[in-house]
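Here the structure is laid out as structure tokens; the discussion comes afterwards.
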Amino acid sequence: MSRAVSITARRHGEARNSAEVEVLLMQFEHADLDAPIRISSDATRLSVEPLLYGTRSTWNGADPATEPYEFAFASYQVPGDQEDAPAAARVILDLFDDTLVKKLRATITPATAHLAVVYASSPDTVEIEYRGLEVSDISYGDQLVITSARRAIEERGVPRDLMTKDRFPGLFR
């Protein structure tokens, strides 16, 4: 699976040290949710009353004033480029309460996850982006581990229609 990585991210990745701080923005969507769940790995203070930490970004259509990405202690493994496996990402969140677990596990069909890596100095500029990942596994204890992956190529219905006499009689004259 190929992915677009900005030249800025490549330069900072190849540098010996960088002052830039990478921030992971996560958005989970599902038809059963009232609004998307937005999570950030950045602990920037957004407001004092109520006390709120997170990131204000316009990524994925969010309104920075009313829909910030809320902070959660998180670590992540971005999808790899293996040829024989679907791209899978793992996000590990420390749990303070179980509301996120209840929201994500309450659905029958899998939620959709979108991940983006931005820098704290420019949260509207996406450096690396992964869209349309299906939440395939959620396990929890002291930590919430969310595994998201693209559907394997073998599971896709291509070609959907078979070229049979019943469906395409013009081919068999």
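Since the structure is predicted, the reported quantities are computational estimates derived from the model, not experimental observations. Heavy-atom basis, side chains included; hydrogens, waters and symmetry copies ignored.
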Show, in sequence, the C-alpha distance, side-chain angles and deciding distance for Val145 and Arg90, and conclude whether the side-chain contact (heavy atoms from CB on, under 4.5 Å) test is met. CA-CA 7 Å; Val145 179; Arg90 289 185 58 194; 3.5 Å; yes
For the pair Leu93 and Met26, evaluate side-chain contact (heavy atoms from CB on, under 4.5 Å) and give the outcome as yes or no after the intermediate values. CA-CA 11 Å; Leu93 302 169; Met26 300 164 271; 4.2 Å; yes
Before giving the answer on side-chain contact (heavy atoms from CB on, under 4.5 Å), spell out for Val117 and Val126 the whole-Å C-alpha distance, their side-chain angles and the decisive distance to 0.1 Å. CA-CA 6 Å; Val117 177; Val126 175; over 6 Å; no
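Linking Ile, Leu, Val, Met, Phe, Trp and Tyr whenever their side-chain heavy atoms come within less than 4.5 Å puts Tyr130 and Ile146 in one cluster. Residues Leu133 and Leu33 share a hydrophobic cluster, clusters being chains of Ile/Leu/Val/Met/Phe/Trp/Tyr side chains in contact below 4.5 Å.
In this structure, the side chain to side chain donor-acceptor pair (under 3.5 Å) partners of Glu20, at least two apart in sequence or on a different chain, are Ser121.
Phe28 places a side-chain heavy atom less than 4.5 Å from the side chain of Val135.
For the 3.5 Å distance criterion, the side chains of Trp59 and Gln27 fail to qualify, holding no donor opposite an acceptor.
Scanning all heavy atoms of the two residues, the minimum distance from Leu25 to Pro123 falls at CD1-O, 4.3 Å. When all heavy atoms of His114 and Gly132 are compared, the pair lying nearest together is ND1-N, 3.1 Å. For the pair Ser57 and Tyr69, the tightest heavy-atom approach, listed with the atom from each and the gap, is O-CE1, 3.9 Å. When all heavy atoms are compared, the tightest approach of Glu134 to Pro110 is OE1-CG, 4.4 Å. A pairwise comparison of heavy atoms in Thr58 and Asp124 identifies N-OD1, 2.8 Å as the closest pair.
Of the possible polar contacts, one joining the Ser40 side chain to the Asp42 backbone as a donor-acceptor pair under 3.5 Å is found. Side-chain atoms of Ser47 come within 3.5 Å of backbone atoms of Pro50 as a donor-acceptor pair (strictly under, hydrogens ignored). When atom types are taken as modelled, the side chain of His30 and the backbone of Thr109 share a donor-acceptor pair closer than 3.5 angstrom.
Between Glu70 and Arg38 there is no salt bridge, since none of the side-chain N atoms of the basic residue sits less than 4.0 Å from a carboxylate O of the acidic one.
In this structure, Phe73 has its ring center under 6.0 Å from that of Phe71.
The structure places CG of Asn60 at 7.0 Å from CD of Glu129, a figure rounded to the nearest 0.5 Å.
Here the rule is side-chain contact (heavy atoms from CB on, under 4.5 Å) with Leu24, and of Leu115, Thr55, Val118 only Leu115 fits it.
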